[in-house]
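One structure is given below, encoded as C-alpha cells.
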Amino acid sequence: MSKFYITTPLYYVNDKPHIGHAYTTILADVLARYHRIMGDEVHFLTGTDEHGQKVQEAAAIRKVDPKNHVDEFVVRFQELWEKLHINYDDFIRTTESRHTDRVKELLTTLYEKGEIYADEYEGLYSVSEERFVTEKEVEEGNFRQIKKLKEKNYFFRMSNYQDALIEHIESHPEFIKPETRKNEILGFLRKPLNDLCISRPKSRLSWGIEIPFDQDYVTYVWFDALLNYVTAIGWGSDETIFNKWWPVNYHLIGKDILTTHAVYWPTMLMAAGIPLPMSILAHGWWMSEKSKMSKSLGNVVNPLELIDDYGADSVRFFLMRDMVLGMDANFTLESFIKRYNADLANDYGNLVNRVTMLIQKHFDGKIPESGDYDEIDLALVAEAKTAPQSVNKLIQELKIHDALETTLSLFRKINRYLEAKAPWKSIKEDSSQGGSAATTLALATDVLRIGSQLLNPVMPEKTTAILNILGAGLIPLNETNIGLLKPGSELGEGKSPFPRITVE
Ligand code: ME8
C-alpha cells in the first residue's frame, strides 16, 4: 500500500463556484477515488482562500464584514462539493488558526534568518487597481489613476533560489506537467528572478494575516494561501502526520496560477527547509464562446443548474470526457447533451436495459450458465482482459478522457457482439442453461460489469446503481478479472439511470 496526497487550489470566496472550479475538484476526486479503489492510503485536500484584496472587495460591495462574508460564501463551495459527490478528506479555510498560526511562525523564522527584509519600493501605483503596475502596463493604457508611490514593504529573497529551482526542474521531469508548462516556467526563469513583495500596508488592505513583526502590515495573500498545502497536514504541529503525507503527489491547478505554484511555492519551501512537491499539474481552461470562463466576464456556467437538470454523475462524466488534460475545452449545453445521449443513454444505458431485460424474462432474473465459447465470444473475452490494464495505465498517466473512451469503446464492442449473436432470436429456439443465448447474456453482463467498475471513480453513484442492477454489487471494485459474476447471481431491480434527454 502506498500513500497518495492530492490537492486542489484553494478557491477565492469572492463569488459562486463555476464549472472551472468544479472541473479541478472533480479531477482530484476521480484520482483520489481511483487510488482508494487500488488500495492506496489517500489524503485529498481542498478548501478556500479567504484573505486578500478580492475577498475584501467582494465583502465591501455587499457591505458586510469580510469575516461574515467568507463564513457565508464558503458554504456555497461546500454545498456544491456535496452535490457533486466530492469525497475530500479535509477542507481547509485560510482563516482557521491551524493555518494562520503556522503562517505567522514561518514569517517570524524567515525574518530572523534574514530571508525576509524590509525595503522601500518606489514605483507606479494604480489607485483604481490598488497595486503597483509596470511602465509597460501603463503604456498599454489599461490603468487609471496612476501615481508615483514610495512605500515600505517586506520582501522574500526569492532571487536567492533561482538557480536551485532551475536545477530542480531540469533534474525532475515529473515536477511540472505537462511538458509545455514546464518549458513556460523554464523560459520565465531565464530572466533574473526578483525578490517577492510579501506584505501589504494595512492602510490599503486590512483583510489578511497580520505580519507578526510589524502590525501595520498584512501578509500578501499568496504567501499565506500556498502554505495551506502543508499547514493542513500538520506541518509545525504534528510531524508524524506531516511526514506521512508530504511530499504531495499532485498539486492540481489551472494554468492561470502556474507561476505562483511553480516558482513562488517551491522557493518558499526551499527557504523553509521543506522538500518540494512531487508534481504540479496544470490543466487548461473551460472556455465559453472562445473566452475563458470567469467570474469577471460573467460567462460562467452554473454547475448547480446542470446537476439539477441532468444529475451530478453526468456532469462529472462530461467534464472528464471532454477535456484533454492540459488543453482548453469549450463548454456548450449542446455538446453536453450530445455526449450524454450518445455515450451514457445509448451506448451504456441501453446496453444495461437490453441485457437485463432478456435475463429477467428468460432466465428468471439470474445470471445463466455459460456453455463453450466460440470465436466471437473469445474475441470479447480478449477485449475485456485488456481494457482494465489500458484504463489503469491511462489513469496513471492522467489521461482520464482516454481512459473513459477506452471503457466506452468496450461498451460499443459489447453492443456489436450482441448484434452479431442476436440472443433475442436464438433464445426462441434454445433457452437452456449453457445454450447460445445463455452464454452470450452471461458474458455480456460480466463484461458490462467490468466496464461499470472501471467507470466508478468518475460516476460513483450511477455505476453503483448499475452494478446492483447487474447483480454485481458485492464484487470489489478493483477486481476486474473476467468470470467473477457467477451463474445464479440474482439481478437487482431497476433500469438504467441514464434516460435519454430529449431537446425541444
Ligand atoms: O486562483 N477553467 O482562486 P480562484 C478551468 N485562490 N479551471 C478554472 C477556470 C476555467 N475557466 N476558472 C477557474 C485562485 N478554474 C487562488 C488559488 S491556491 C493556494 C490559491 C479553476 O478561485 C482552476 O483550478 O481564482 C484555477 O486554477 C482555479 O479555479 C482558480 O480559482
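Counting convention: from 1, in listed order, for ligands and their atoms alike. Just so you know, these numbers come straight off a predicted model, no measurement behind them. Values below: all heavy atoms of this structure, side chains included; hydrogens, waters and symmetry mates excluded.
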Do the side chains of Asp308 and Lys83 get close enough for a salt bridge, i.e. N-O under 4.0 angstrom? yes
Hey, can you tell me if Tyr11 and Phe77 have their rings parallel, tilted or perpendicular (30° and 60° cut-offs)? parallel
Does an N or O from Gly254, backbone or side chain, lie closer than 3.5 Å to an N or O of ligand 1? yes
Is any NZ, NE, NH1 or NH2 atom of the basic residue among Arg200 and Glu151 found under 4.0 Å from an Asp or Glu carboxylate oxygen of the other? no
Are Lys255 and ligand 1 in contact, using a heavy-atom cut-off of under 4.0 Å? no
Counting from 1, what ligand 1 atoms have a heavy atom of His261 closer than 4.0 Å? 18 (S)
Output, in order, the C-alpha distance, side-chain angles, deciding distance and verdict of side chain to side chain contact (heavy atoms under 4.5 Å, CB included) for Lys177 and Lys182. CA-CA 6 Å; Lys177 285 186 190 176; Lys182 177 181 113 177; over 6 Å; no
Which is closest to atom 21 (C) of ligand 1 in terms of heavy atoms, Ile257, Thr24, Leu258? Thr24
Examine the proximity of ligand 1 to Asp256 and report which part, side chain or backbone, both or neither, has a heavy atom under 4.0 Å away. side chain
Side-chain contact, heavy-atom cut-off 4.5 Å: Tyr340 with Phe318? no
Classify the ring geometry between Tyr348 and Phe411 as parallel (under 30°), tilted (30 to 60°) or perpendicular (over 60°). parallel
Provide the number and element of each atom of ligand 1 under 4.0 Å from a heavy atom of Gly284. 5 (C)
Indicate yes or no: does an N/O atom of Trp285 lie under 3.5 Å from an N/O atom of ligand 1? no
Measure His283 to ligand 1 on non-hydrogen atoms and call it side chain, backbone, both or neither using the 4.0 Å cut-off. side chain
Check whether the ring centres of Phe4 and His43 lie less than 6.0 Å apart, and answer yes or no. no
Regarding ligand 1, does Leu10 bring an N or O atom to under 3.5 Å of one of the ligand's N or O atoms? yes
Anything under 30° is parallel, anything over 60° is perpendicular, the rest tilted; go ahead and classify Phe155 against Tyr121. tilted
Sub-3.5 Å N/O-N/O distance, Tyr11 and ligand 1: no
Given the side-chain rings of Phe213 and Tyr154, with only the six-membered ring counted for Trp, is the space between their centroids under 6.0 Å? yes
Which bit of Tyr23 gets closer than 4.0 Å to ligand 1, counting heavy atoms only: side chain, backbone, both or neither? neither
Here the atoms of ligand 1 under 4.0 Å from any heavy atom belonging to Ala225 are 19 (C)
Are any of the N/O atoms in Tyr12 less than 3.5 Å from those in ligand 1? yes
Going by heavy atoms, is His18 under 4.0 Å from ligand 1? yes
Taking the side chain as every heavy atom from C-beta outward, state whether Leu193 and Phe188 have any atom pair closer than 4.5 Å. yes
Any nitrogen or oxygen of Asp49, side chain or backbone, less than 3.5 Å from one on ligand 1? yes
